[in-house]
Amino acid sequence: MKRQFHKKLWHGAVRLSPQSQAPHDSLLVLEGVRECFVCGQVQTLPSLKPGYSVKCVRCGTQLARRRRTSVIGTPAAFCITAAALYLVLLLDPLMTLNVYGRENTVSLWAGPLELVRQGFGGIACLVALVTIVMPGVVIALMAAILYGASKKRMPDWTPCLLAWYERLRTWSMIEVYVLGVLVAYTKLVDLAVVILQPGVYVLGALMITMSVLDSTFDDELIWNNRALRETIDGQCGRLFEVAHVDGRSDQLPPPDHVVSCQCCSLVMAFDHPVDSEADLGDCPRCGQILRRRKKKRFRCSCCIPSRQHRFICSRKLISCHDV
């Protein structure tokens with residue numbers, strides 16, 4: 001995978017320092033282990049059959065799920081459908097308003113254009129970004145990811161696109177736009193004659209298709225097809241030799257030695273305690289920067305506040321104020 005520009009400058013600088021000749025350290029990849037993204041509990045995962053899911057032993061959050069559908073074929077079918085609906089939505093109107101004989105057609109572009117005419121250029125750009133640009137971007141990213149994952153050897157650009165898909169998917173707000181159309185319809189139906197156009201139904205179909213696309217897409221199986229690098233760059237020019245350990249059969253390392261990649265969820269263990277804010281180098285699978293999970297980042301959804309203003313987990317009666 002091609003390194004980013006700032007990583008090239010950093011690795012070029014550390015090669016000129018004496019620390020760059022430090023001995024190799026070992027990095028253990030814990031296979032069959034997952035860190036809960038809610039409470040941070042590191043736990044082993046059983047081998048899942050299609051149609052089964054596994055939950056966190058502490059907070060009950062779903063950690064993994066295996067679909068019964070095809071890994072590539074089903075998401076690809078919904079991705080093509082979403083792309084076709086998106087292109088139709090850009091051209092079809094949503095509704096027609098008739099106010100005392102004056103008709104006005106509303107389309108997907110009408111909102112940002114009207115905001116520009118009203119002098120709200122910044123808000124118009126934001127609305128156009130999340131309702132027009134981002135849906136097309138995430139559909140294109142998904143199509144490229146599925147194309148790369150279908151190859152026998154996954155291209156180096158596929159993990160990068162998958163990481164960007166996880167970042168940009170939340171900015172595609174087709175669901176919010178559908179709610180806005182429903183609210184506008186209920187408010188305008190008493191003031192004017194509102195005629196729904198085919199674009200409204202296309203918008204609803206696009207929302208459902210993109211939701212089903214996310215549901216059928218199993219990113220964990222995509223990541224498992226990605227080969228790990230044998231050596232990665234660490235701090236101050238140190239090199240880490242990647243080794244594999246089966247977490248289901250071997251004893252897990254201490255929690256302060258374990259790091260989980262925030263992008264591909266790969267769980268690794270160092271031979272020394274890891275600082276919370278330290279840059280630990282690149283992930284051997286996706287190439288993203290490794291950092292340990294921050295303490296008190298999330299709180300369990302089942303936790304309740306106690307009299308001492310600490311959060312006690314109602315499932316296992318354990319203190320979750322430090323997770």
Side-chain angles (χ1 to χ4, degrees), residues 1-7 37-38 62 65 67 71-72 74-90 108-109 111-112 115 121-151 154-181 202-226 260-266 282-283 285-291 293-294 297-298:
M1 180 182 296
K2 294 183 179 180
R3 296 175 179 172
Q4 300 178 2
F5 180 71
H6 68 279
K7 291 183 179 180
F37 67 91
V38 174
Q62 181 174 288
R65 177 188 174 190
R67 278 71 173 176
V71 179
I72 302 296
T74 303
F78 284 105
C79 182
I80 295 174
T81 304
L85 293 174
Y86 174 75
L87 295 177
V88 173
L89 182 61
L90 295 178
L108 194 64
W109 306 86
L115 288 173
I123 300 178
C125 293
L126 180 60
V127 172
L129 180 66
V130 299
T131 59
I132 301 177
V133 178
M134 281 303 169
V137 171
V138 297
I139 292 174
L141 286 177
M142 177 56 69
I145 291 170
L146 294 175
Y147 173 77
S150 63
K151 300 294 184 180
M154 186 183 298
D156 294 337
W157 46 264
T158 305
C160 182
L161 295 184
L162 188 53
W164 276 106
Y165 179 83
E166 295 294 336
R167 299 187 185 105
L168 300 179
R169 179 62 182 92
T170 55
W171 289 95
S172 176
M173 300 185 180
I174 290 294
E175 300 84 358
V176 179
Y177 198 86
V178 170
L179 294 178
V181 171
V202 174
L203 181 64
L206 178 61
M207 179 192 68
I208 297 175
T209 303
M210 295 187 68
S211 299
V212 177
L213 172 61
D214 291 333
S215 179
T216 56
F217 179 68
D218 196 339
D219 57 342
E220 183 179 356
L221 294 180
I222 301 298
W223 284 122
N224 290 339
N225 292 331
R226 174 68 177 176
S260 177
C261 179
Q262 302 298 320
C263 179
C264 66
S265 301
L266 184 67
D282 300 338
C283 176
R285 183 161 66 178
C286 65
Q288 302 297 315
I289 297 177
L290 290 176
R291 287 188 177 90
R293 182 182 184 275
K294 296 181 180 179
R297 179 180 177 183
F298 292 107

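A quick note: this is a predicted structure, and the numbers were derived from the prediction, not measured.
- Residue Met154 holds its CE atom at 6.0 Å from CD1 of Ile222, rounded to the nearest 0.5 Å.
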Please set out all donor-acceptor pairs under 3.5 angstrom arising from side-chain atoms of residues 126-145, sequence neighbours excluded.
from, atom 1, to, atom 2, distance (Å)
Thr131, OG1, Val127, O, 2.4

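- Partner of Met207 under the side chain to side chain contact (heavy atoms under 4.5 Å, CB included) criterion, chosen from Val212, Val178, Leu179: Val178.
- The CD1 atom of Ile208 lies 13.5 Å from the CG atom of Leu213; values are rounded to the nearest 0.5 Å.
- Between atom SG of residue Cys263 and atom CZ of residue Arg167 there is a gap of 6.0 Å, rounded to the nearest 0.5 Å.
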Sequence neighbours excluded and cut-off under 3.5 Å, please list the side-chain donor-acceptor pairs for residues 76-85, or say none.
from, atom 1, to, atom 2, distance (Å)
Thr81, OG1, Ala77, O, 2.9

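- Not counting sequence neighbours, the partners of Arg169 by the salt bridge (Lys or Arg N to Asp or Glu O under 4.0 Å) test are Glu175, Asp214.
- In this structure Gln62 satisfies the side chain to side chain contact (heavy atoms under 4.5 Å, CB included) test together with Ser53, Arg65, sequence neighbours excluded.
- To the nearest 0.5 angstrom, Phe217 atom CZ is 12.5 Å from Thr74 atom OG1.
- The distance from atom CG of Leu266 to atom SG of Cys286, rounded to the nearest 0.5 Å, is 8.0 Å.
- Counting only heavy atoms from C-beta outward, the side chains of Val181 and Tyr177 approach each other to under 4.5 Å.
- Ring geometry, Tyr147 versus Trp157: the interplanar angle falls under 30°, so the pair is classed parallel (tilted spans 30 to 60°).
- Contact detail for Thr158 and Ala149: the closest heavy-atom pair is CG2-N, 4.4 Å.
- Screening residues 138-148 for salt bridge (charged side-chain N to carboxylate O under 4.0 Å, His left out) gives no qualifying pairs among residues at least two apart or on separate chains.
- For Asp219, there are no salt bridge (Lys or Arg N to Asp or Glu O under 4.0 Å) partners at least two apart in sequence or on another chain.
- Heavy atoms only, all atoms of each residue included: Met210 and Ser172 are closest at CE-OG, 3.8 Å.
- Annotation: the span from Ser215 atom OG to Arg67 atom CZ amounts to 5.0 Å, rounded to 0.5 Å.
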